*Asks:* 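One structure coming up, written as structure tokens, with questions to follow.
Below, chain A is the first sequence line, B the second, and so on; all start at residue 1. What you see is a predicted model; the values in this text were computed from it and never measured.
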Protein chains: 2
Amino acid sequence: MTLNQLRYFCELADAGNFGRAAERLHMTQPPLSRQIAGLETELGTKLFERGPKGVTLTAAGRQLLIDAREVLRLAALAQRNVVAARRGETGQLSLGFTMCAAYSVVPALTRRYKVAFPNVEFRVREMMPVVLERALREGEIDLGISFPGLDGPDTMSRPLLREPMSVVLPFNHKLSRVRRLKVRTLSTESFLIVPRDQAPSLHDGVVQRCQSAGFTPKIGLEVYLQQTIVNLVAAGLGVAFVPGSMQKAQVKGAVFKTVDNPPMVDQLLVWQSMNTNPCIQGFLSVCAELT
Amino acid sequence: MTLNQLRYFCELADAGNFGRAAERLHMTQPPLSRQIAGLETELGTKLFERGPKGVTLTAAGRQLLIDAREVLRLAALAQRNVVAARRGETGQLSLGFTMCAAYSVVPALTRRYKVAFPNVEFRVREMMPVVLERALREGEIDLGISFPGLDGPDTMSRPLLREPMSVVLPFNHKLSRVRRLKVRTLSTESFLIVPRDQAPSLHDGVVQRCQSAGFTPKIGLEVYLQQTIVNLVAAGLGVAFVPGSMQKAQVKGAVFKTVDNPPMVDQLLVWQSMNTNPCIQGFLSVCAELT
DNA sequence: TCATGGGCATACCGAAAAGGTATCATAATT
DNA sequence: AATTATGATACCTTTTCGGTATGCCCATGA
């Protein structure tokens with residue numbers, strides 16, 4: 001049984017006689033006769049009653065007409081779906097991001113992408129930066145949003161957001177009420193900072209800003225997540241530079257201060273160059289729209 | 001796009017490399033390569049990533065795998081359905097019957113048939129005998145249950161039931177209380193009877209029984225339906241012979257009496273010999289079981 | 001570094017299938 | 001009885017399909 005035979009069969013059932021059906025199918029009558037006869041032989045059943053003024057369906061033919069139409073409909077749908085999948089309009093896309101990004105770019109991006117590509121099964125996962133790197137390498141996720149630093153040879157990236165860092169102080173800190181905080185006044189403070197191997201750009205940005213203010217920051221504690229840094233600052237364990245958008249975390253007891261020439265932090269969208277998932281292009285177009 | 005290509009595609013997706021897939025498909029690798037390449041060309045999309053240790057699906061391929069499996073599943077189902085339809089296990093079957101038959105054979109037959117052929121869409125219609133004949137001729141119904149008499153050249157029939165006729169009298173009739181009614185005692189009564197052209201066998205049976213009792217019945221009223229005859233007898237318009245099963249009609253004021261050598265009435269299943277609906281055979285087998 | 005082997009693509013060939021033309025058989029219609 | 005419409009059959013040509021032989025690529029290992 002072939003799809004062509006089913007097409008011929010449906011057309012013949014519609015037309016009611018071989019001649020007109022063949023015409024509609026852009027072929028001549030004899031091959032059509034043979035195809036239908038072949039189909040009948042294969043199925044072991046007469047599908048049409050041949051009368052002097054055309055053909056009519058038998059009971060088996062009526063049943064097949066229902067099923068054949070469904071098969072043909074699905075076959076056509078399959079073709080359309082493949083095209084859609086190639087364009088990234090359907091399929092699956094998974095995004096991993098650090099909790100820090102969750103406060104800045106992720107919400108808007110996710111919302112916009114889901115509107116633009118409603119038929120893509122879009123999954124998002126918060127993950128620690130190191131986990132994100134591994135997940136990306138092993139193909140668990142198609143896209144990652146994180147700080148610069150995991151640019152391997154096979155990864156591509158695109159900047160999503162460049163935002164200033166703010167100083168965060170405990171609520172009861174002596175500097176928490178000054179109007180314009182100078183970095184220099186923090187020279188004796190104990191700093192909470194992300195380990196350099198976790199996010200070199202972030203770490204170096206903070207250290208360099210302090211050095212340009214004339215001191216090397218005293219590292220009180222190395223902490224992996226910006227979110228946790230803010231929490232620990234609120235608990236009185238020191239001060240820190242964190243991305244400005246962390247203010248949205250609404251941590252009680254933490255006070256945010258802007259400074260002159262703040263260190264800048266980048267959020268990068270990264271993916272593997274050999275990942276061919278067409279949905280990635282769609283996501284990139286949404287990113288381009290939004291920046 | 002052909003069903004074979006979809007089969008090849010699914011098998012390749014399962015096997016993970018051309019060699020094994022070709023083996024499973026009982027063919028060699030090169031034709032399989034060409035078929036897949038052809039499918040990819042037609043769809044305008046790479047479906048597999050060719051790696052040194054086999055193939056993996058692309059995003060478009062993953063989508064197609066879902067759809068292709070569904071298409072193949074339905075195609076196989078269509079084949080099975082055709083076979084079922086040929087055997088009369090699925091399809092449509094419509095039965096027309098006279099109201100008189102509704103009291104005797106129809107209930108049991110319908111019940112049994114629906115159990116034996118649950119996937120057949122079985123429709124039943126009560127109809128007047130003349131309408132039944134026309135409906136049968138024009139193919140509105142596949143089967144009819146009626147009295148003998150509409151045996152045309154193209155119709156086939158099979159006896160379903162042969163039952164004795166009873167005399168029905170008004171409740172207040174002077175003979176309604178005798179223990180054993182003799183036909184002879186009805187010689188002066190006015191008879192309600194079906195017109196001869198509507199059911200010759202029925203009509204003739206009654207007349208002949210009366211004549212063998214020594215009189216020709218006086219036709220008081222010609223009535224089409226046995227049901228109506230009983231009702232009119234109850235209303236005091238005369239007496240009548242009706243099929244014994246009419247007693248089930250529970251008409252108030254009508255009294256049924258059995259007689260010696262009662263006229264017999266046949267219920268026939270009739271259908272057109274050129275009607276090829278395979279469900280008819282199924283119905284016949286149910287009838288055979290029940291008689 | 002070069003040989004090796006697994007894996008897919010390509011070239012070419014013969015067989016099978018599909019479509020086209022011409023013609024026939026049948027039944028309804030004029 | 002001739003005609004017309006319809007499907008089937010015979011025969012031919014083209015296309016498609018599957019098979020064999022072989023080439024290319026890349027990873028692996030001596």
*Asks:* Cut-off 3.5 Å, side chains only: do A:Glu289 and A:Ser285 have a donor facing an acceptor?
*Replies:* no
*Asks:* Salt-bridge test for B:Glu11 and B:Arg7: reply yes if a basic N is under 4.0 Å from a carboxylate O, no otherwise.
*Replies:* no
*Asks:* Check A:Gln92 against A:Asn277 and note the closest heavy-atom contact, atom names and distance.
*Replies:* O-ND2, 2.8 Å
*Asks:* I'd like to know if B:Arg50 pairs up with B:Glu40 as an ion pair, taking the criterion as any Lys NZ or Arg NE/NH1/NH2 lying under 4.0 Å from an Asp or Glu carboxylate oxygen.
*Replies:* yes
*Asks:* Where along residues 24-33 of chain A does a heavy atom come under 4.0 Å from DNA chain D, residue by residue in number order?
*Replies:* A:Gln29, A:Pro30, A:Ser33
*Asks:* If the threshold is 4.0 Å, N to carboxylate O, is there a salt bridge linking A:Arg134 and A:Glu140?
*Replies:* yes
*Asks:* Can you spot which of A:Leu72, A:Leu64, A:Asn4 makes a side chain to side chain contact (heavy atoms under 4.5 Å, CB included) with A:Phe9?
*Replies:* A:Leu64
*Asks:* Can A:Arg69 and A:Asp14 be counted as an ion pair, charged N to O under 4.0 angstrom?
*Replies:* yes
*Asks:* At a heavy-atom distance below 4.0 Å, which nucleotide of DNA chain D is the first touched by chain A, and which is the last?
*Replies:* D:dT6 to D:dT9
*Asks:* Please determine whether a side-chain nitrogen of the Lys or Arg among B:Glu70 and B:Arg73 lies less than 4.0 Å from a carboxylate oxygen of the Asp or Glu.
*Replies:* yes
*Asks:* Give me the atom names and distance for the closest heavy-atom approach of A:Leu160 to A:Thr291.
*Replies:* O-CG2, 3.2 Å
*Asks:* Would you mind reading off the distance between B:Gln35 atom CD and C:dA9 atom P, rounded to a whole angstrom?
*Replies:* 13 Å
*Asks:* Is B:Glu49 paired with B:Arg62 through a side-chain N to carboxylate O contact shorter than 4.0 Å?
*Replies:* no
*Asks:* Could you state the CG-P distance from B:Asn4 to C:dA16, rounded to the nearest angstrom?
*Replies:* 16 Å
*Asks:* What residues in residues 36-64 of chain B put a non-hydrogen atom under 4.0 Å from any atom of DNA chain D?
*Replies:* B:Pro52
